[in-house]
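Below is one structure, written out as structure tokens; comments come after it.
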Amino acid sequence: MTDILKELFDSPFYSRCDPPEELRALYQRESELWEKLVPELSPEALDSLNAAQADIARADNLQ
């Protein structure tokens, strides 16, 4: 069975709107934390963490 929402989300037709100011501030805070963490983590750990976050974001967006 085809999941039309999944197909639309994965398609080139999906676009995002600019985030509100509150969300931009949270992204900035996250970025600052990443800058502190990156030197402390191995490349493998960073790859695993990024992959897990991408999977979570994708599943969350589909919901």
Handout entry: Residue list, side-chain contact (heavy atoms from CB on, under 4.5 Å) with Glu7, at least two apart or on another chain
Key = Thr2
Show every donor-acceptor pair shorter than 3.5 Å between a side-chain atom in residues 43-52 and any protein atom, with sequence neighbours excluded, or say none if there are none.
unit_1 : atom_1 : unit_2 : atom_2 : d
Ser48  : OG     : Glu44  : O      : 3.1
Asn50  : ND2    : Leu46  : O      : 3.3

Practice task
Write out all pairs satisfying salt bridge (Lys or Arg N to Asp or Glu O under 4.0 Å) with one or both partners inside residues 53-63, taking only residues at least two apart or from two chains.
Solution key: Asp10-Arg58
Completion exercise
Here the salt bridge (Lys or Arg N to Asp or Glu O under 4.0 Å) pairs for residues 29-38, sequence neighbours left out, are none
